[in-house]
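To keep things clear, I will list the structure first and then write my remarks on it.
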Number of protein chains: 2
Amino acid sequence: MLSVHLRMLRQRTSISVDEQRAIEALVSEVRNVRADQAVIRAGETLTFSLLLLDGWTARTKDLASGDRQISELHISGDFVDLHGFMLKHLDHDLRAFTPCRLAVVPHERLERMLEKHPRLARIYWFLTNIDAAIHREWLLSLGQRSALSHMAHLFCEMCVRFDQIGMVEDGAYAFPLTQREVAECLGLTTVHANRMVQELRRRGLIELANRRVKILDHPRLEALAEFDPRYLYFDRREF
Amino acid sequence: MLSVHLRMLRQRTSISVDEQRAIEALVSEVRNVRADQAVIRAGETLTFSLLLLDGWTARTKDLASGDRQISELHISGDFVDLHGFMLKHLDHDLRAFTPCRLAVVPHERLERMLEKHPRLARIYWFLTNIDAAIHREWLLSLGQRSALSHMAHLFCEMCVRFDQIGMVEDGAYAFPLTQREVAECLGLTTVHANRMVQELRRRGLIELANRRVKILDHPRLEALAEFDPRYLYFDRREF
DNA sequence: CGTTTTATTGAGAGACTTCAAAAACCGTGG
DNA sequence: CCACGGTTTTTGAAGTCTCTCAATAAAACG
């Protein structure tokens, strides 16, 4: 059940059988949610964290006008609201963009597990730092990259992240977001996001159809995006 | 020496004398840096973390063009690169905007301290989550707020944060950033940032001069910014 | 197949940028 | 105390990226 999550961890460091058992014992139940639903709402008191087994979720924040900003996208294997473990309520909503399977991890179990496995505590702390690093890269994108470069960057990021869990085939991966949702990631209007998609197509950089992207020219796309994956900290290491 | 940091922590939760001693024992030395210097560069291997005793620093990321984005501002008492403790190198630069005094905390000491004081471990993990929460609010600002509202938001955020450490007098606090640096926070050009400053002045919302801001009309400034301080998680609680 | 959602197109408007230069401010040295 | 060079703030005008509004086409869904 946690195979993708474990694979993700094992890309970064070694996980012993003992540790693996401890992680597997965290899950109290599995919850299914439909697409376009709020999984967790800002402010809600949290007594458990969620680990995404399957599907796409995102962190979203809204303005009074209804304008929405997506601050991070999550894919299978991501421990989506580890933040809630420390914060006890979130400053943002967690929304499902596709039908999702989520593992429920009671904070109590997480606490006991971290006491027994301080090394895992560090790894999970580390993972929350990765979220912050992703946020910073998105800040750079929103503040300084052009719309086109920013969109290119998004496709690059998701590509490496999917690649990490072995879900890129021939440069292509599942991409179920609508252009409206892409626009909400990039701080653009739907109309302009659409024009940027077309421009990336016109330049022969990507194909986007049937809820799938294919990157046709990695080097040029990455150059356009000024993409440097080091902010994802994929280098293997000890904890 | 760590009085501001301890005051910050004690706003959020109780810190025992024992814990206070453990925190104070972290510091191996104090380092002084001049204004406009890089304190830590992206990629540098880190064996210590820095705690800002006095001054202003910021996290910055640059594009090849030289365009710079500031992703977070730090004030006295902030544990500025706790992230580096887990990440071992940063994805961004840490720059001093004023002359700064920084406490050096070797990772070794931090590790031993966290083993002995698991409660402090949680508090510091929590603090890195706060950084992420601030990043998310800035993402919302960059993506969805107008330049004017965004700038108003920045002044609101710094006001509450300074207030937490008792450094707001009569609605006014130290604000040593140049308009260029403000522009780098907001993803704007200096020219436009200047026009927004003037607009805030014209509306009677702020005074900005001599490296100090004074907020003249909190309610209207916060309304303009749609400022809701909950993302800073200032509510007191147990760990 | 009709209904709803998503993608696409066009035209005009506006927020923010660019370039360029002037004015004000600041620290230093005479 | 004033002169001076450098930085920061301010102003103007023209340009552009992105938005708004509005409508059509295409795809998804029951």
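Side-chain atoms are counted along with the backbone in the values below, which use heavy atoms only and exclude waters and symmetry mates. Below, chains carry the letters A, B, ... as their sequence lines are ordered, and counting in each starts from 1. Here the structure is a predicted model, which is why all the values come from computation and not from measurement.
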Nearest whole angstrom, please: distance from the [atom2] of [N] to the [atom1] of [X].
{"X": "A/F97", "N": "C/dT6", "atom1": "CZ", "atom2": "C1'", "answer": "15 Å"}
{"X": "B/R180", "N": "C/dT17", "atom1": "CZ", "atom2": "P", "answer": "14 Å"}
{"X": "B/M151", "N": "C/dA15", "atom1": "CE", "atom2": "C1'", "answer": "14 Å"}
{"X": "A/N210", "N": "C/dT6", "atom1": "CG", "atom2": "P", "answer": "15 Å"}

Worksheet entry | Positional range of nucleotides in DNA chain D within the contact set of chain A, heavy-atom, under 4.0 Å | D/dT18 to D/dC21

Fill in: Test: B/D235 and B/R230 ion pair at under 4.0 Å
no

Item to complete: Output yes when B/D131 and B/R59 qualify as a salt bridge under the 4.0 Å nitrogen-oxygen rule, no when they do not.
Response: yes

Discussion item. Under 4.0 Å, heavy atoms only, any strand: does A/R201 hit a base, just the sugar-phosphate, or nothing?
Written reply: sugar-phosphate

Worksheet item: Checking salt bridge (charged side-chain N to carboxylate O under 4.0 Å, His left out) for the pair A/K61/B/E137: CA distance, chi angles, key distance, verdict?
Response: CA-CA 8 Å; A/K61 288 188 92 147; B/E137 189 68 30; 2.6 Å; yes

Discussion item. For B/E181 and A/R145, find the nucleotide of DNA chain D closest to each by heavy atoms; which residue's nucleotide sits nearer the 5' end?
Written reply: B/E181

Worksheet, complete the sentence: Comparing nearest nucleotides in DNA chain D, the 5'-proximal residue of the pair A/L148, A/R211 is A/L148

Fill in: Worked check of side-chain contact (heavy atoms from CB on, under 4.5 Å) between B/F85 and B/F48
CA-CA 7 Å; B/F85 175 50; B/F48 56 84; over 6 Å; no

Response to the item:
Value for CG (B/L232) from CG (A/D91), rounded to nearest 0.5 Å, stands at 9.5 Å

Discussion item. Would you say the rings of B/F162 and B/W56 are close, in the sense that their centroids are separated by under 6.0 Å?
Written reply: yes

Worksheet entry | Those residues that, when tested against A/V191, pass side-chain contact (heavy atoms from CB on, under 4.5 Å) (two or more places apart) | A/T189, A/R195

Practice prompt. Step through the shown structure and confirm whether more than 12 heavy atoms of other residues, nucleotides or ligands are within 6.0 Å of CZ on A/R180.
Written response: no

Item to complete: Check DNA chain D against residues 186-198 of chain B and give the residues with a non-hydrogen atom under 4.0 Å, in numerical order.
Response: B/V191, B/N194, B/R195, B/Q198

